[in-house]
Amino acid sequence: MGIIIKNIYKSFAKQAVLDNLSLTVKKGEFHVILGPSGEGKSTLLGVMAGLIQPDQGDVYIQQQRVNKLAPEKRKIGFVFQNHALFPHLTVYENTAYGLRARGVNGKKIKKIVAHYLELVKLQELHDRYPFQLSGGQKQRTAIARALAFEPDALLMDEPLSHLDVLEHERIRDELKRIQTATQVTICYVTHDHSEAAALADKISILHNGRIEQVEQPEDIFYHPKTSFVAEFVGANNIFTANLIDVNEGISRFRLNSSESIAKLEIEAKTYPVFTRNTEQKLCLHPEKIAISHTPNGKNSFLARIIDIIPQGAVFKVTGEISGLKLRAVVPKTSFKINSHTEKIWFTFPPDALHPLCGRSCRAAIPQRVCKNINFE
Amino acid sequence: MGIIIKNIYKSFAKQAVLDNLSLTVKKGEFHVILGPSGEGKSTLLGVMAGLIQPDQGDVYIQQQRVNKLAPEKRKIGFVFQNHALFPHLTVYENTAYGLRARGVNGKKIKKIVAHYLELVKLQELHDRYPFQLSGGQKQRTAIARALAFEPDALLMDEPLSHLDVLEHERIRDELKRIQTATQVTICYVTHDHSEAAALADKISILHNGRIEQVEQPEDIFYHPKTSFVAEFVGANNIFTANLIDVNEGISRFRLNSSESIAKLEIEAKTYPVFTRNTEQKLCLHPEKIAISHTPNGKNSFLARIIDIIPQGAVFKVTGEISGLKLRAVVPKTSFKINSHTEKIWFTFPPDALHPLCGRSCRAAIPQRVCKNINFE
Amino acid sequence: MIKKQFTFFDIFLTLLAGIFFTFILLVFLMLFTAVSAGQLLHQLSSPLVFASIRISLQTSLIVVCLTFIFGFPVAYLLSLKTFKGKEFLDSLIDLPIVLPPLVSGLALLILFGGDGIIGKILGHWDIRIIFSQKGIICAQLFVSAPFFIKTVKESISAIPEEVIAASATLGASSFYTFRCLILPLSKNGILAGLAMTWTRAMGEFGATSMVAGCIPGQTETMTIGIYMNAMSGNLEAAVAVGIILIGFSFISLFILKIKFSRSYGYHY
Amino acid sequence: MIKKQFTFFDIFLTLLAGIFFTFILLVFLMLFTAVSAGQLLHQLSSPLVFASIRISLQTSLIVVCLTFIFGFPVAYLLSLKTFKGKEFLDSLIDLPIVLPPLVSGLALLILFGGDGIIGKILGHWDIRIIFSQKGIICAQLFVSAPFFIKTVKESISAIPEEVIAASATLGASSFYTFRCLILPLSKNGILAGLAMTWTRAMGEFGATSMVAGCIPGQTETMTIGIYMNAMSGNLEAAVAVGIILIGFSFISLFILKIKFSRSYGYHY
């Protein structure tokens, strides 16, 4: 049943790092914990592995409570950010270390190590020392080493962050392949949302010492539930608006004056949480905005172009509508740049908008309440 | 006239790092030098700034030969990867350092520093010490410090590589804005091609100690001229093929047997360099492949799907056509994932293919010859 | 780490370590039980003891000044400049640390003695180094300056290369860089180095005793005083001077700890 | 950096540094000019000189063994374990380095003397420490073991925390981690530390002379021999022994340099 973390508290120097955090990592799952740097992601992994003693709370591995169990008794593989290879041992010996420490016999070790070195494609480099390896090869060795003793789960602490762009992508794809092949439970920590999107079966967003949202990648990216998650995953068009009218499943909102000079009105699909006379935060993913030279139905606004950044197959276009900045991400194929174009229409369908939990969610209300709001 | 580098050689421990390298950075240009890690990008900047003495070759700044000039006499701003702020000085004092060292009078310093701190949006933090700043704020300070004495050019050595994802994007956009506002000449080094795409007016690809291609971002990404550049910028469908027929501007190629089991034939727009009976390398950018459930004209192949990775607004789809792997990048809007779909049609128009210089370009032929091949 | 039961291995190591710590602690405490407060005060009022304290302070402070004047340039050149023979000069600095002080003293005795190269030259002007405070200063300088140089060298070398390169690209001359960057950033290293040099100079015995002889009231430093008193069986006097000497060492150690704890972290 | 004309500032510093280097070099060379090769050989054939070399080697090698046995556990515990009072014990290790050796010797003299706590106890079994080789060993151990401990502690602390944590997550017990990780990775530090301890023990004079007296052929170590000969005007004998001692120091320094140059870079 994987790893279960219950109500963990941990402070360093009186600063709460993990604050009543609970989390379940299912067996066989590729679970990514996504959050900004320095918000306790590594601490959480340390607690799971037994390297850090929490102030309070319980850790269960395979349904066994392991609070008092030393790390060497836990059967948890760990891949560190800096790979943490043993510099005096070869790739082969590094991989065999966990088996030797457990007293597995020599013949069996040889077979197992050969298997895992093949899995990470390092058979040929088995007698190299760490200093003779590239960054990616080091991290492959670290993965083989952590897998070789067949742990109950594999914890990975930003294992790709020290690789250069090319190796980063290569190892990321390898890792996904290895997990698919071995079906090992992985709990993976990162601050990079594109990494999370490419790898995760499930994503947990860690913020202010607790988990703010747990869902499949698609839902995290297109239906963030709090402003923080929305900003963090790049769903960064967030409006504060007041409901003025509901009509056949479509709600009309007027944007607050702090957002734009002209009081813009937008239409959104109606959600049960919408109530009149209270401020509501609405989130609009940049990829759901279409761009055109003519207006195009509901929620169509003429915007002054501020910035166009090409990025791979897409353009990131920032437009301004009487003081309101809108960020759109559009495929290059759908949009011809023209240096003379100064204004363009931004359009988004009413069902592209969804409500955010508001400020209160993160601060006071425990996670569960926020999760139970019926969104769709 | 910016910075001109002529026939620079530099070796460390008998290893040639810069090998007859020439480069021109025009005044007011945002010039990005893009290349893999450890291929001498920093060395090149060091040579420009006078921090490293080349073994041979000339450096001109504003038409003046500066080979013998010490760094402090060169009027070149430098932003280091690790920001290299002075830890005992405040943001204000760091920014004023270059002016004070030049003996500018106090009143004038105050005005200039205020101006540049405003430019990088650090007015409020002027009395903080470096250890009190976030990574992004440190790098802003470093930029203000390097700009404050109004240098002839600004050299930047991977200034964003130590920032986390969110700050990375923010500072990158700021930097582009600052360059547009000040029109300062920037020579910027990076190994990240998306960074280069977002920032550059012109990109130089550095490989094996020399410049392999210099062009505008669009041309670098969609018309790489060598296999190395193609692989490096992600235009990573490269075929080795033989010309079998030319007909009305369209050439038919048969793929070499090493690439696929069935001898696939593809059609490409005819280029002057195409000759019969010699192997030709063809490059196909993943973004130029379309995906559909039915065949769709020329160059349409039924592929088995190996891998689908969601990435922001696009999917990266890898397909296999009788042994040949094709990588496509398609907008999410144009393609509905379905876990039951096993095969799908990959299609690319004949003019999506363009020839690569072949292996010989990088090794023996000097850069100029390769550049002069008439591509279009 | 999770707290766990101590293994047999840990207990074995702890036992051995315990014996060693007890030994050190016992030796140290011994000094303070050997003499009462009254006896201590009595000894300190003796003019000879007082004179030895004065001589020690006087010579060691001059040594500290000379160390700074000659040692700082050495540290600066060795840490920032590249030149031929740098490695040789670097090893030369280690020499006085590796040589037993007694042997250094012997060499100084020969150098400045009546038949020595420099001794002869100075003899013409009637300057005597041997058996004088000048000799003590030379001996202490030779033995203790390398500690200052090594500390300062380390603290200058700790300044990242890019920081110094940044100063140059900002248009700072090498003197401006020295004054506004190197000096403030190595300040703590300099102070710590001076404290170490002073402690070392105060406690020096081997080299000093060779060069200075022991003319009471003239060349009898505190360490020489301790030796003389102990050898002549006057343990109480020896211990009294020893306690004062320890007091000085601790003050200096204290300064050193404070200064080093506030040094700059460059990789923040 | 681009080579440039030396500024006035650089010349000034170079001048001061030059004076200092000349001083050190002169002192060192002096030893080798004071005695001819023939005289050197003649001195070495004297049975008393020979005996002092034997005593020095004998005691210092025992000290090296004891230092490893007691010092390694201390370094291991101080660098890898967290416990209450760790900072206090850490400072305790600095004590013998900060104390002038002479004062340490004085304390040992009191501790092991007939009236001392341990001296009295050992007296019952007729074991004499003072004025015997046992005393020399105690004095050298006290003075030189901390150098070993500090070197080894540093070299164990240099092993990144994650590397040790990695060993634990791989299922290694603390003894397995010690044997297969800590020991091989700190090997160079241990050898360097032993070399330093040995050099220091051989060259020790202050503490040794206090505890050992100088019974020729029994407790006269090389350093004591140098002092005695120099004081009695027999400079040639003193220099001869001094040169041998330097020879030993250099061998040890050589080992140290080689060992340290091959240490692991963890941040490769």
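Naming convention: chains lettered A, B, ... in sequence-line order (proteins, then strands); numbering from 1 in each chain.
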pair [X]-[Y]: side-chain heavy atoms closer than 4.5 Å:
{"X": "R100(B)", "Y": "Y176(C)", "answer": "yes"}
{"X": "P87(B)", "Y": "L185(C)", "answer": "yes"}
{"X": "L51(B)", "Y": "T169(C)", "answer": "yes"}
{"X": "F86(B)", "Y": "C180(C)", "answer": "no"}

Locate the shortest heavy-atom distance separating [X] from [Y]; write the atom from each residue and the value.
{"X": "A146(B)", "Y": "L170(C)", "answer": "CA-CD2, 4.4 Å"}
{"X": "E72(B)", "Y": "S174(C)", "answer": "OE2-N, 4.5 Å"}
{"X": "A84(B)", "Y": "A166(C)", "answer": "O-CB, 4.0 Å"}

State whether the number of non-hydrogen atoms from other residues, nucleotides or ligands found under 6.0 Å of [X] atom [atom1] is greater than 12.
{"X": "K86(C)", "atom1": "NZ", "answer": "yes"}
{"X": "K73(B)", "atom1": "NZ", "answer": "no"}
{"X": "F32(C)", "atom1": "CZ", "answer": "yes"}
{"X": "Q81(B)", "atom1": "CD", "answer": "yes"}

Y97(B) versus chain C, the contacting section by heavy-atom distance below 4.5 Å: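 Both the backbone and the side chain of Y97(B) come within 4.5 Å of chain C.
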Apply the test side-chain contact (heavy atoms from CB on, under 4.5 Å) to residues D157(B) and E162(C): give CA-CA distance (whole Å), side-chain angles for both, the deciding distance (0.1 Å), then the verdict. CA-CA 11 Å; D157(B) 189 359; E162(C) 317 80 275; over 6 Å; no
Mind checking the CG-CD spacing from N82(B) to E161(C)? Nearest 0.5 Å is all I need.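 So the gap between those two atoms works out to 12.0 Å.
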